[in-house]
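Below: one structure, written as structure tokens.
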There are 2 protein chains.
Amino acid sequence: MSFKKVRNAHKTENTEDYLELISELLTIKGEARIVDIANRLGIAQATANKTIQRLQHQGFIKREPYRSIFLSVKGQKIASHSKKRHNTVFKFLLNLGLDEKTASADAEGIEHHVSDKTLKKMNKFNAKKNV
Amino acid sequence: MSFKKVRNAHKTENTEDYLELISELLTIKGEARIVDIANRLGIAQATANKTIQRLQHQGFIKREPYRSIFLSVKGQKIASHSKKRHNTVFKFLLNLGLDEKTASADAEGIEHHVSDKTLKKMNKFNAKKNV
DNA sequence: ATAGATTTATAGCCATAGCTATACTATTTA
DNA sequence: TAAATAGTATAGCTATGGCTATAAATCTAT
């Protein structure tokens with residue numbers, strides 16, 4: 001049943017979004033704070049904090065109380081993989097003829113459900129279109 | 001924030017899967033029973049029952065205790081829309097060059113995150129490829 | 001018609017993700 | 001430096017979706 005795969009994807013989806021975002025904040029700002037994460041995700045700060053706690057317990061991130069959040073090696077791997085995948089899907093949608101806004105919005109949802117095989121096909125398509 | 005859209009999609013995702021499946025069971029078997037739904041989705045019967053209760057309260061389905069499940073008009077609309085969308089995404093992935101199995105599995109996850117604009121582009125692509 | 005099998009419903013548990021309200025810590029600024 | 005502001009943590013609530021175990025209803029077949 002492919003439904004199981006989808007459910008499984010959902011579990012990791014939120015994790016991937018957080019890790020990708022933290023990585024981005026670390027790059028841009030040098031630190032990743034709860035407030036920024038909450039703002040960027042459009043959720044309450046308490047919710048972000050709770051999820052960050054889970055990610056910490058699961059070994060994806062490192063942090064000291066009241067300090068910036070950092071990625072563990074494990075977390076970094078996932079973040080960079082997610083980032084690549086996101087880029088592929090985003091470019092693919094652009095190459096399909098969509099505007100940036102739509103491509104960006106749809107990529108956000110689609111990226112977590114794209115298998116490696118499909119990702120390869122998207123990359124091929126992108127290569128042809130040469131973007 | 002597009003993340004909000006994604007979260008919103010998640011809420012309706014499970015609903016759409018159920019309604020689409022019920023519609024399919026009604027067509028094929030003439031009735032949709034909890035056991036069949038649970039089997040097809042790969043979940044416990046009690047879980048299926050609970051979700052069906054929610055769908056009932058939300059007015060998507062109709063049923064009498066211990067009897068088959070039927071779709072309300074509201075439910076039928078969603079089911080048929082979902083079915084169409086699913087087909088488009090599935091065909092699109094086939095046209096991209098993927099095998100049936102992968103196309104089917106990925107479509108299951110992707111379909112819920114495809115906007116109308118993207119759906120149109122996929123349909124165009126399908127029309128060109130003529131499948 | 002009733003016993004046994006199947007199906008459906010319910011109870012009670014867990015995890016996740018969302019919220020508000022409030023408490024606590026750190027930083028900034030007057 | 002002390003007060004105000006900003007940021008973080010915690011408590012307690014909701015809803016969803018997953019599970020197992022068990023009870024209740026329906027079907028089936030003897």
Side-chain angles (χ1 to χ4, degrees), chain A residues 1-22 25-26 29-70 78 108-109 112, chain B residues 1-22 25-26 29-70 78 108-109 112:
Chain A
M1 291 293 85
S2 61
F3 289 105
K4 277 192 183 171
K5 282 187 197 165
V6 176
R7 280 201 304 279
N8 217 48
H10 281 165
K11 281 187 195 165
T12 56
E13 207 164 319
N14 206 30
T15 298
E16 290 173 349
D17 284 341
Y18 270 76
L19 298 179
E20 207 178 326
L21 176 52
I22 291 166
L25 288 171
L26 286 172
K29 295 194 159 194
E31 59 174 13
R33 315 293 309 219
I34 291 289
V35 228
D36 301 322
I37 292 170
N39 286 340
R40 284 286 296 272
L41 297 179
I43 58 177
Q45 164 272 316
T47 304
N49 193 62
K50 198 198 275 183
T51 301
I52 288 295
Q53 279 176 18
R54 173 176 64 77
L55 296 178
Q56 194 173 1
H57 292 143
Q58 293 174 341
F60 294 114
I61 63 163
K62 307 257 178 200
R63 72 159 168 176
E64 302 295 314
Y66 296 99
R67 291 273 122 76
S68 172
I69 295 147
F70 297 99
I78 293 173
E108 207 59 64
H112 304 283
Chain B
M1 293 292 84
S2 62
F3 289 105
K4 276 193 183 172
K5 282 186 197 165
V6 176
R7 279 199 305 280
N8 218 48
H10 281 166
K11 280 188 197 166
T12 56
E13 208 164 319
N14 205 31
T15 298
E16 289 173 350
D17 283 341
Y18 270 76
L19 298 179
E20 206 177 326
L21 175 52
I22 290 166
L25 288 171
L26 286 173
K29 295 193 158 197
E31 60 174 10
R33 314 294 309 219
I34 290 290
V35 228
D36 300 323
I37 292 170
N39 286 341
R40 283 287 295 272
L41 296 179
I43 58 177
Q45 164 271 316
T47 304
N49 194 62
K50 200 199 274 185
T51 300
I52 288 295
Q53 279 176 18
R54 173 176 64 77
L55 296 177
Q56 193 173 1
H57 293 143
Q58 294 175 341
F60 295 114
I61 63 163
K62 306 258 178 200
R63 72 158 168 177
E64 302 295 314
Y66 297 98
R67 291 273 123 76
S68 172
I69 295 145
F70 297 98
I78 292 173
E108 207 59 63
H112 305 282

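Scope of the values below: all heavy atoms of this structure, side chains included, with no hydrogens, waters or symmetry mates. Chain letters run A, B, ... following the sequence lines, proteins first and then strands; every chain starts at 1. Bear in mind the structure is a predicted one, so any value in this text is a computation, not a measurement.
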Kindly write out the residues that satisfy side chain to side chain contact (heavy atoms under 4.5 Å, CB included) with A/Ala48, not counting sequence neighbours, or none if the list is empty.
A/Tyr18, A/Ile34, A/Ile37, A/Ala38, A/Ile43

Roughly what angle, to 10°, lies between the helix axis at the start of the helix from C/dA1-D/dT30 to C/dA30-D/dT1 and the one at its end, five pairs per end?
10°

Who passes side-chain hydrogen bond (donor to acceptor under 3.5 Å, both in side chains) against B/Gln53, sequence neighbours left out?
none

Report which part of the nucleic acid A/Gln58 touches: base, sugar-phosphate, or nothing (heavy-atom distance under 4.0 Å, all strands).
sugar-phosphate

Ignoring backbone atoms, test whether B/Gln53 places a side-chain nitrogen or oxygen under 4.0 Å from the OP1 or OP2 oxygen of C/dT10.
yes

Could you pick out which residue, B/Lys50 or B/Glu64, lies toward the 5' side of DNA chain C when each is mapped onto its nearest nucleotide?
B/Glu64

Taking any atom closer than 4.0 angstrom to a non-hydrogen atom of chain A, what span of DNA chain D does the protein reach, first nucleotide to last?
D/dG7 to D/dG18

Identify, with sequence neighbours excluded, every residue that meets side-chain hydrogen bond (donor to acceptor under 3.5 Å, both in side chains) alongside B/Ser68.
none

Dump every N/O contact between nucleotides 21-24 of chain C and the protein below 3.5 Å, one line per pair.
unit_1 : atom_1 : unit_2  : atom_2 : d
C/dC24 : O2     : A/Tyr66 : OH     : 3.4

Partners of B/Asp17 by side-chain hydrogen bond (donor to acceptor under 3.5 Å, both in side chains), sequence neighbours excluded?
B/His112

Do any pairs count as a salt bridge (charged side-chain N to carboxylate O under 4.0 Å, His left out) and have a residue in residues 57-69 of chain B, sequence neighbours left out, and if so which ones?
none

Hey, is the side chain of B/Arg67 poking within less than 4.0 Å of OP1 or OP2 on C/dA9, counting only N and O atoms?
no

Salt bridge (charged side-chain N to carboxylate O under 4.0 Å, His left out) partners for B/Arg33, two or more places apart:
B/Glu31

Residues which pass salt bridge (charged side-chain N to carboxylate O under 4.0 Å, His left out) with B/Glu16, listed by chain and number, not counting sequence neighbours
B/Arg85

Enumerate the residues from residues 7-21 of chain B whose closest heavy atom to DNA chain D is under 4.0 Å, giving them by residue number; use none for an empty result.
B/Asn14

Tabulate atom names and distances for all N/O pairs under 3.5 angstrom spanning the protein and nucleotides 4-6 of chain C.
none

Can you find a heavy atom in the side chain of B/Ile69 that is under 4.5 Å from one in the side chain of B/Leu26?
no

Over how many whole Å does the gap from B/Asn49 atom CG to C/dT7 atom C1' extend?
10 Å

